[in-house]
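Contents: one structure, followed by commentary.
The first residue in the sequence is number 1, and the count goes up from there. We use all heavy atoms of the structure for the numbers below, so side chains are in, but hydrogens, waters and symmetry mates are not.
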Amino acid sequence: MAFTLYSLLQAALLVVNAIAVLHEERFLRHVGWGSDQGIGGFGEEPGIKAQLTNLIRSVRTVMRVPLIAVNSVTIILLLLFG
């Protein structure tokens, strides 16, 4: 497999899909990355764990509908051009 722009975009799509399917109650809470953990006080800088949890939650919220369209286009391109 050659390293092309398409393969790079496809890898990024797979990573976003992997983030989007992480379920908070089933997986993240068992690992210790639930939404109720890592809540800091006012004026405190949030830690890396809280920032990653917010990123995962944001990706799941914002990218839900666009991922359906992008995945459909990717599947159609793979069916047409192999």
Quick one: pull up CG in L55 and CZ in R60 and give me the separation to the nearest 0.5 Å. 11.0 Å
Within the 4.5 Å heavy-atom criterion, are I19 and M63 side-chain neighbours or not? no
Flag yes if L78 and F81 sit in one hydrophobic cluster, no otherwise; membership is Ile, Leu, Val, Met, Phe, Trp, Tyr, and two members link when side-chain heavy atoms are under 4.5 Å apart. yes
Verify same cluster id: I76, I68 (apolar side-chain graph, 4.5 Å): no
From T53 OG1 over to I48 CD1, what is the distance, rounded to the nearest 0.5 angstrom? 9.5 Å
V15 with I56, same ILVMFWY side-chain cluster at under 4.5 Å: yes
In terms of hydrophobic clustering (I, L, V, M, F, W, Y; side-chain heavy atoms under 4.5 Å; direct or indirect links), are V21 and V70 co-clustered? no
Would you find a donor on one side and an acceptor on the other, under 3.5 Å apart, between the side chain of S58 and the backbone of N54? yes
In the structure I gave you, are the side-chain heavy atoms of L67 and L13 within less than 4.5 Å of one another anywhere? yes
Just how far is it from atom CG of L9 to atom CG of L14, taken to the nearest 0.5 Å? 11.0 Å
